[in-house]
Amino acid sequence: MTPLNRREFLGTTAAAAAMAASTHVAFADETGDKKSRPVRVAVMGVNGRGRQLIADFAGFPEIEFSYICEPDSNVVAPAIKAVTERGRPEPRVVKDFRAALDDPELDVLICAAPDHWHALATILACQAGKDVYCEKPISHNLVEGRKMVEAARKYRRVVQAGMQRRSAEEYSDAIKQIRDGRLGKVHFVRTWINSTRPNIGHESPTAPPETLDFDLWAGPGSADQYRKNLVHYHWHWRWDYGTGECGNNGIHALDIARWGLDVDGPRLVTCGGDKYSFDDDQETPDTQLATFDFDGAAIQWEHRTWSPRGIDGSDFGIVFYGTEGTLSLLDDGWTIYRDNKVVEQHKGTPRSEWMRNHVRNFLDCRETREAPAADVEIAHRSTSLCHLANIAWRTRSTVRFDAKNETIVDNAPAAALLSRTYRQGYELPASA
């Protein structure tokens, strides 16, 4: 499917949305077993995370996989196998997810495509009357995130972000400890991840393989910069498609930090670091340290993608420092310290349980039409921290943020990075 004329495409999706809306209203008004009708889903992007989400959603008998949407034919067969080996009928395969959105019987779009597709896919799905499960980070830039919120609200869609710690028992329990005042007043939160990622080398732009529709894969981004070290994973480290390690994994930690402090947008953002370790085609920093100043508290993010030793012996974590205690929240549970002594420990639950809870929450909210645990508004505000950190790093400047209006003050180069230039045929709708 070539890029569609936006007016023609919105015309077709408007008709589909009207049909879908009537279906959802009728379904919502039915009495008896609401789960007698399957939840028909399309999975967009199935190389890695998409296949994992197939397994997660397949744990619920009401799910019917109607479509696999993927521009690379090489990765379609494993995705189909992930569906059929779980006893489900083989889904229809389309390269372009927009063909699936035209199906009035489709209920949900699961978006596991790269970051640069998250906003457009979610907005078009909302316009077509579909609910959305979208992987993190919710957007490729800050302006996109706000447009996603507007679309979800206008079309009354349930949009859940893939921030599954919001549905993990130990994380919500840790937040309760903070809310109950067990740490006193929290003035600082430290967040981090470290890893040993590979050097991706240097590659010159070349023609993509015949199995990959790179024009469609690139979508809103550049379609003339295919490299052998770009698809399928290392796009994370190029600004045209990804958001670096801060967007890739920082979103998880920064979201919990923001949740614990009960804050929205920062007033000031600074960021340091660089590409110290890797000599390759990565554009994003392999070492990044960002500080977000709020009224009365600060959050710090740190990542190193070349170092095996983490803080507190963990390669991922969030630590809340309060006037009366410290809470260390790692993926194996949380610990409260007072005067460097352990006061209380709480063991974590398996990550598979987080995901099951998160998908169940999404499906339940489709029935109740309530906001899910990682609602698009929550995801947008947390993802904004990642964007602001990256903007501060890319401009090597201090970013003053007007959280109410979601603008950057007195810094034109930084403000220019709040959005992006979109390729013709893949522009965001002028309004939701």
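This chain uses plain numbering: 1 for the first residue, then up along the sequence.
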Using the salt bridge (Lys or Arg N to Asp or Glu O under 4.0 Å) rule, take D274 and R396 through it: C-alpha gap first, then chi angles, then the decisive distance, then the call. CA-CA 10 Å; D274 214 324; R396 297 296 185 172; 3.1 Å; yes
Give the intermediate values and the outcome of ring pair (Phe, Tyr, Trp, His ring centres under 6.0 Å) for residues F57 and Y133. CA-CA 11 Å; F57 275 79; Y133 185 100; 5.4 Å; yes
For [Y], does its backbone N or O pair with a side-chain atom of [X] as donor and acceptor, under 3.5 Å?
X	Y	value
R165	H252	no
R153	V149	no
R369	R156	yes
D115	H140	no
H187	G296	yes
W192	S314	yes
R394	A414	no
E70	D72	yes
S222	D224	no
R86	T84	no

Please check if atom CZ in R400 has more than 12 non-hydrogen atoms from other residues, nucleotides or ligands closer than 6.0 Å.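 Incorrect, the count does not exceed 12.
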For atom CG of D410, decide whether the heavy atoms of other residues, nucleotides or ligands shown that lie under 6.0 angstrom number more than 12.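 No, the 6.0 Å shell around CG holds no more than 12 heavy atoms from other groups.
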Considering all heavy atoms, the nearest [X]-[Y] contact:
X	Y	answer
P429	L124	CG-CD2, 4.5 Å
A151	C126	O-CB, 4.0 Å
R157	G129	NH1-O, 2.9 Å

Do [X] and [Y] come close enough that some side-chain heavy atom pair is under 4.5 Å?
X	Y	answer
C246	C386	yes
E302	R190	yes
D364	E370	no
K130	L101	yes
Q177	D173	yes
L216	Y426	yes
P220	H116	yes
R146	R381	yes

Name the residue from E406, K147, H387 that meets the side chain to side chain donor-acceptor pair (under 3.5 Å) definition with H380.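 The single option meeting the side chain to side chain donor-acceptor pair (under 3.5 Å) with H380 is E406.
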Exactly one of D131, N361, D375 should register a side chain to side chain donor-acceptor pair (under 3.5 Å) with Q160. Which one does?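 Exactly one candidate clears the test, N361.
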Between R98 and D96, does any NZ, NE, NH1 or NH2 come within less than 4.0 Å of an OD or OE carboxylate oxygen?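 R98 and D96: salt-bridged.
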Thinking salt bridges, do E169 and K347 make one under a 4.0 Å N-O criterion?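 Looking at K347 together with E169, the answer is no, because their closest N to O distance does not fall below 4.0 Å.
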Run through R360, R40, R37, R366 and flag the one making a salt bridge (charged side-chain N to carboxylate O under 4.0 Å, His left out) with E62.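 Of R360, R40, R37, R366, salt bridge (charged side-chain N to carboxylate O under 4.0 Å, His left out) with E62 is met by R360 alone.
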Evaluate the salt bridge (Lys or Arg N to Asp or Glu O under 4.0 Å) criterion for residues R423 and D215: first the C-alpha distance (whole Å), next the side-chain angles of each, then the deciding distance (0.1 Å), finally the verdict. CA-CA 10 Å; R423 200 155 58 94; D215 187 87; 3.0 Å; yes
Can a donor-acceptor pair be found between the side chains of [X] and [Y] at a distance below 3.5 Å?
X	Y	answer
N229	D281	yes
S397	N411	yes
Y241	Q225	no
N248	K136	yes
T349	E170	yes
D255	S382	yes

Passes salt bridge (Lys or Arg N to Asp or Glu O under 4.0 Å), D213 versus K95? Steps please. CA-CA 8 Å; D213 185 339; K95 282 204 302 185; 3.0 Å; yes
Do R179's NZ or CZ and the ring of F320 fall within the cation-pi criteria of under 6.0 Å and 45°?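 Verdict for F320: no cation-pi partner in R179.
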Relative to F292, does R258 satisfy both conditions: NZ or CZ under 6.0 angstrom from the six-membered ring centre, and within 45 degrees of the ring's axis?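 Verdict for F292: no cation-pi partner in R258.
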Should the ring pair [X] and [Y] be called parallel, tilted or perpendicular, given that the plane angle runs from 0 to 90° and is split at 30 and 60?
X	Y	result
Y233	W235	tilted
W334	H346	parallel
W239	W393	tilted

Would you check if the distance from the ring center of Y171 to the ring center of W354 is below 6.0 Å?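 Ring centroids of Y171 and W354 are less than 6.0 Å from each other.
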Out of curiosity, [X] [atom1] to [Y] [atom2], how far, rounded to the nearest 0.5 Å?
X	Y	atom1	atom2	answer
Q282	I200	CD	CD1	5.0 Å
R356	D56	CZ	CG	10.0 Å
E135	I251	CD	CD1	11.0 Å
L363	T368	CG	OG1	11.0 Å
R238	E283	CZ	CD	4.0 Å
F294	D264	CZ	CG	8.5 Å

For R182 and D180: C-alpha separation, side-chain torsions, deciding distance, then whether salt bridge (Lys or Arg N to Asp or Glu O under 4.0 Å) applies. CA-CA 6 Å; R182 296 192 64 189; D180 289 347; over 6 Å; no
Residue from D103, V43, I110 passing side chain to side chain contact (heavy atoms under 4.5 Å, CB included) with Y67: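 By the side chain to side chain contact (heavy atoms under 4.5 Å, CB included) criterion, Y67 pairs with just one of D103, V43, I110: D103.
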